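Contents: one structure, followed by commentary.
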Amino acid sequence: MKGIVFTTLNDMVEEKFGLATWETLLDKVHPENKGIYTAGGTYKDAELVSYVMELSKLKKIEPAQLIEAFGIYFFPVLANKYPVFLPEGISFKEFMKNVDKIIHVEVNKLYSDAILPAMSYEEPSPNELVILYRSPRKLCALAVGLTKGAANHFNVPIAIQHPICMHKGADHCRLEVTIEK
Amino acid sequence: MKNSDFVLEIETYKKARRRDKEARLVAETLLEDKTRELYVTHEELKKKYNELERYSSELELFLSIAKLSEGTLNLDKVLHFFVNAVCKLEKWPA
């Protein structure tokens, strides 16, 4: 998992729960690098899972809920770092479709070792976008959080249904995004 | 230590920490920009290398034709030379 995920998780935990909570997590997780994360590095997925599990135990919040909250927090960080993917005039829906078509292609150029989810889309109506998410990491909660974060950025009210999920044995997740007007 | 000194010291640490964090973020952006530049340069070099390789194969082809017309090579040798040059040009196994 790319370093920016860890540095942002660190920021979020510090901001929402305080510096001491992050220190407690480090003590529990015992990361190989002693918690010295930089955006330039790549770190074990298992470490991220451990942070989420420990934080979940500590704060009595469901792991999926924490991951989703992280996604919402992560979006503005990415938007701020890569404004090139948010050109003037682009709509929320167009942007969401670019995630697989453009953003993940560019990520692969920079980080050839990146493991990216495969996303395909269905557009049943102008106000709906269905995202079919497939990833060995099964981080659909993160996809939901990032989508909500994107909607916040665009100031577009959305609702997300998740009728098919990899965590319930399916080979993909179906995220039905409705733009509420 | 007086309470006000203690608060002042904490504030100083907080300031220093924010600065260190900013420094890390700047260094990370720098690293990413350089990585991107490197990727673009690498892609351009790869393209140029392929172009040069093709140019060199074409030259070999012309040379074989020139040698044939000059009569310095017999047809058998020129054919061999020619087939090799075409294979190289089209990236076929010789």
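Model, not experiment: these values are computed from the prediction. Just so it is clear: chains get the letters A, B, ... in the order the sequence lines come, proteins before strands, and each one is counted from 1.
For the pair A/K57 and A/E54, the salt-bridge criterion is met [side-chain N within less than 4.0 Å of a carboxylate O].
By the 6.0 Å contact criterion, CD on A/E32 is open, its count of non-hydrogen atoms from other residues, nucleotides or ligands being 12 or less. Heavy atoms of other residues, nucleotides or ligands lying less than 6.0 angstrom from CE of A/M166 number more than 12. Counting non-hydrogen atoms of other residues, nucleotides and ligands closer than 6.0 Å to CD of A/E106 gives a total above 12.
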Can A/I164 and A/Y133 be said to form a side chain to side chain contact (heavy atoms under 4.5 Å, CB included), step by step? CA-CA 10 Å; A/I164 300 171; A/Y133 168 97; over 6 Å; no
Between A/F70 and A/T8, is a side chain to side chain contact (heavy atoms under 4.5 Å, CB included) present by the stated rule, with each step listed? CA-CA 8 Å; A/F70 173 69; A/T8 308; 3.9 Å; yes
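At a heavy-atom cut-off of under 4.5 Å, chain A is reached by B/R36, B/Y39 from residues 36-62 of chain B, listed in order of number.
Looking at A/Y37, the atoms closer than 4.5 Å to chain B (heavy atoms on both sides) all sit in the backbone: N, CA, C or O.
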